[in-house]
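As structure tokens, the structure follows; a few thoughts come after it.
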Amino acid sequence: MFWTEDEFIKNMRNALGWVKYSRQLNQEQMSAVLHTNGPLWVLAGPGSGKTELLIWKLFKLIFVDGVDPQTIFLTTFTEKAAKNMFNRIITYYNNLLKHGFDCIKNVDISSLKIGTLHSLCNSILVEYRYDNYHTKRLMDENESSYFFYKYVTMTKSGSQGPSDYFWEYFFEKRPYSKWQRVNYSKILLSRITEDLIDVEKLQNSDDIFMQELAEYYIQYKQSLNHRDRCDFPTVQQLFLKFLNEEEGEKFIQGDMERDLPPIKYVLVDEYQDTNPIQEEIYFRMTELISPSDCNITVVGDDDQAMYRFRGATVDSLIFFGERVKERFGKIPTKIQLKRNYRSHPAIIDWFNSYIANMPEMQIKGARAPGKERMISAKHFQENWNPIAIIEGSSLTDTAEKVAEFIQSIINFRDEKNEKIIDDPSQIVILSQSTRETSRNVGSFVESLRRRGVPVYNPRNRKIHETTEVKQLLGAYIEIIDKNNSELSENDHVLRISTRVKDFIQSCRREYQNLITSQGGIDKLLNYVSQSQLKIESAPPNKKFDATFHRIFLRLLNCPPFSEYLSDPVISPRYGIISAQIEAFNTVYSNYLVKSSTINSLKRNLLRDFYTVFCGQILNSGLNDVEDIDYPILPGRVQIVTYHQSKGLEFPIVILLGLTKQYRVGISYKLERMLSEYRKNPLQLESDELRAAQDMIRLYYVGQTRAKYCLIFADKELNKWKYSLGFDEKGEKRFSLNWLENNNIPVYR
DNA sequence: GGATGAGTTGTTTTT
DNA sequence: CAACTCATCC
């Protein structure tokens with residue numbers, strides 16, 4: 001105990017008065033901070049100061065209740081959010097120190113357990129060496145794909161492996177390629193773990209496909225175990241198992257011998273995006289700590305749930321009250337943060353009406369019980385209309401109009417010759433996908449670039465399309481495949497899809513362009529021709545003195561590639577390619593080593609590189625790396641997905657993709673098909689309804705990002721069913737007719 | 001406004 | 001190959 005409640009509040013206010021993010025807490029926030037014992041359920045609407053509340057709560061626990069920081073377990077949804085929060089905590093703490101509160105200087109604030117649930121589970125399992133976890137390799141998404149491709153039997157062979165009917169049953173179509181089987185397998189099998197499916201129930205099902213699924217799951221798990229690998233869902237599964245055993249109890253209860261105090265508090269941010277296994281982990285921890293204290297705090301907004309595809313269910317937040325009552329016999333204290341410190345009052349008025357009046361959201365269980373509208377809490381001096389609609393005749397036309405609009409506000413000067421905005425990066429385009437294709441933001445990027453407006457789109461997943469990457473891969477291809485064998489039509493060893501073939505060809509072209517147009521690259525030419533010779537004249541059964549990785553590193557040593565390494569844009573791209581190769585190598589490590597015949601050389605060297613490595617790159621796409629400390633690049637209009645925008649705010653927001661019909665994607669179907677096999681089965685609304693609700697929540701997230709200006713842009717206004725609320729006939733589905741009543745201008 | 005044909009694309013989001 | 005966009009024609 002360092003301070004009393006009153007001292008704590010006074011000291012925090014004094015110390016943080018000038019810190020960028022901090023301001024006085026409002027009454028609801030304060031009551032959540034001062035809440036001491038028992039479950040706490042915070043519904044935090046957009047821009048309501050949720051992170052601020054969490055940080056104050058941590059500080060209150062530490063400085064008023066005297067809780068040891070290392071006994072607090074706080075999870076966030078992304079690594080980025082965890083880092084941000086941690087940095088803010090350190091800043092606040094240093095400010096308290098600067099204000100001369102010496103009594104807290106021995107508190108080790110950095111020992112707080114803050115991170116994503118995955119990262120915390122991972123580090124604790126490593127620390128406790130549970131089930132030899134520290135010897136296992138935790139695979140990322142790409143590695144996991146390679147793992148399936150190489151080690152998992154995905155087609156019927158003998159008694160093992162799923163049949164075509166199996167895939168048809170779960171995915172309604174037969175996979176047309178091995179990569180599709182990889183993708184399907186990942187979706188299906190991670191679902192079993194994350195939805196907390198009872199594998200025994202599956203085995204005992206009357207449905208033969210459910211039995212087959214159980215078998216397939218077991219096969220996969222064995223193969224993971226056998227090869228000492230672990231995937232993302234399995235980390236959580238192991239952690240839950242750990243909690244239910246003696247070692248886990250030690251972790252929770254503390255270990256005197258090792259000077260580890262017991263865990264005391266569980267706090268969860270973004271609780272609406274929690275899936276069943278995560279919910280069980282939080283509940284189990286709470287139970288082990290003390291079921292009678294039931295010290296669990298969850299914070300989130302059901303209206304902003306957007307990760308059902310990952311197995312998350314809003315239900316965990318919406319029914320938190322009932323679930324806690326069922327399990328612990330306690331009724332959580334419910335607090336709604338309804339003061340919005342972000343948006344212009346008219347924007348708040350709009351999104352309040354939007355979320356409350358959409359017919360799909362009025363169904364029971366769609367939103368948290370008793371939820372109230374948000375109230376504007378930030379003072380806005382100017383009285384202007386911050387909402388507008390841009391309607392084009394086609395997508396390209398819309399893009400032109402949006403670009404025109406953006407250009408005009410960038411250049412705009414008022415009577416006093418002052419700009420409206422300081423920097424183009426204050427304008428943000430939100431879209432379902434940041435891929436620069438004609439269906440997505442392609443035409444928008446093009447229209448902007450044509451007008452000389454710089455654009456920042458680091459997640460467009462196309463660095464494999466850049467010249468420098470193609471040149472490098474082209475050089476590699478030149479080495480391993482001098483004779484263009486990818487072109488031979490009737491080669492049964494090399495069966496390469498047209499997509500990959502096109503990619504290989506364009507890599508070759510880029511390499512050819514490079515060597516014909518640039519001088520000073522003798523070293524590269526020498527290395528390539530020497531290596532070609534070496535491969536050609538390789539004696540049978542002799543090991544090559546080269547692996548994919550080594551050839552790649554040698555190429556990087558030759559100009560111009562070696563010179564590219566000092567380029568701030570290209571160098572990180574080579575880093576990404578290098579990481580890809582490493583992931584590939586963890587599974588395909590010895591394929592270059594033993595080649596006895598030309599055919600096996602082709603099989604090992606070419607096919608694996610073409611269909612597996614290139615296939616996977618084309619399959620998943622590669623993003624540029626973003627600087628976590630500088631997520632915004634000044635001077636450029638930002639392009640961001642609705643998902644990425646979560647937790648952020650922007651002065652001017654332009655929403656795209658408004659005519660999109662929801663898709664009852666495979667995750668909705670699987671959620672339903674498997675729901676009866678869950679450990680805790682649940683009642684689900686129809687697939688259609690859940691998909692529609694999720695679509696509405698996605699748009700809600702987009703709308704609530706805007707501070708001063710919110711623009712809706714797309715073609716065919718009367719088809720904006722879920723984004724603005726029209727029906728099939730173009731009539732407004734809102735009883736309110738909000739848009740008309742507020743004279744929202746439409747620019748055509 | 002709808003028929004036609006040319007052209008483009010390969011869902012999407014994160015640990 | 002299927003699904004979609006979009007310009008163009010009447």
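Quick note on labels: first sequence line is chain A, next is B, and so on, each numbered from 1.
Separation of the C1' atoms belonging to C:dC1 and B:dT12 is 22 Å when rounded to the nearest angstrom. Taking atom P in both B:dT13 and C:dA3, one finds a spacing of 23 Å when rounded to whole Å.
Relative to the ring axis of A:Y668, A:R308 does not place its NZ or CZ within 45° and under 6.0 Å from the centre. Cation-pi check for A:K646 over A:F77 is met; the charged atom lies under 6.0 angstrom from the ring centroid and within 45 degrees of its normal.
Legend: residues meeting side-chain contact (heavy atoms from CB on, under 4.5 Å) with A:E279, ordered by chain and number and at least two apart, are A:Y271, A:T274, A:F283, A:S316, A:R323. With sequence neighbours excluded, no residue forms a salt bridge (Lys or Arg N to Asp or Glu O under 4.0 Å) with A:D228. Taking the ring-ring contact (aromatic ring centres under 6.0 Å, His included) definition, one finds that A:F444 meets it with nothing, sequence neighbours left out. Residues satisfying the ring-ring contact (aromatic ring centres under 6.0 Å, His included) test with A:Y354, not counting sequence neighbours, are A:W350.
Atom OH of A:Y699 and atom C1' of B:dT12 are 12 Å apart (whole Å). When rounded to the nearest whole Å, the span between CG of A:L395 and P of B:dT8 equals 15 Å. B:dT11 atom P lies 19 Å from atom CG of A:L698, rounded to whole Å.
Heavy-atom neighbours of A:R129 CZ from other residues, nucleotides or ligands within 6.0 Å: at or below the threshold of 12.
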Scan nucleotides 13-15 of chain B against the protein and return all N/O pairs shorter than 3.5 Å with their distances rounded to 0.1 Å.
unit_1: B:dT13; atom_1: OP2; unit_2: A:R461; atom_2: NE; d: 3.1
unit_1: B:dT13; atom_1: OP2; unit_2: A:R461; atom_2: NH2; d: 2.8
unit_1: B:dT13; atom_1: O2; unit_2: A:H643; atom_2: NE2; d: 3.3
unit_1: B:dT14; atom_1: OP1; unit_2: A:R459; atom_2: NH1; d: 2.7
unit_1: B:dT14; atom_1: O2; unit_2: A:R310; atom_2: NE; d: 3.4
unit_1: B:dT15; atom_1: O3'; unit_2: A:T116; atom_2: OG1; d: 3.1
unit_1: B:dT15; atom_1: O2; unit_2: A:H118; atom_2: NE2; d: 3.4
unit_1: B:dT15; atom_1: O4; unit_2: A:E141; atom_2: OE1; d: 3.1
unit_1: B:dT15; atom_1: O4; unit_2: A:E141; atom_2: OE2; d: 3.4

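Reading DNA chain C from its 5' end, the first and the last nucleotide to sit under 4.0 Å from a heavy atom of chain A are C:dC4 to C:dA7.
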Exercise for review: Give the C-alpha distance, both sets of side-chain angles, the deciding distance and a yes or no for ring-ring contact (aromatic ring centres under 6.0 Å, His included) between A:H643 and A:Y307.
Suggested key: CA-CA 9 Å; A:H643 283 87; A:Y307 285 94; 5.2 Å; yes

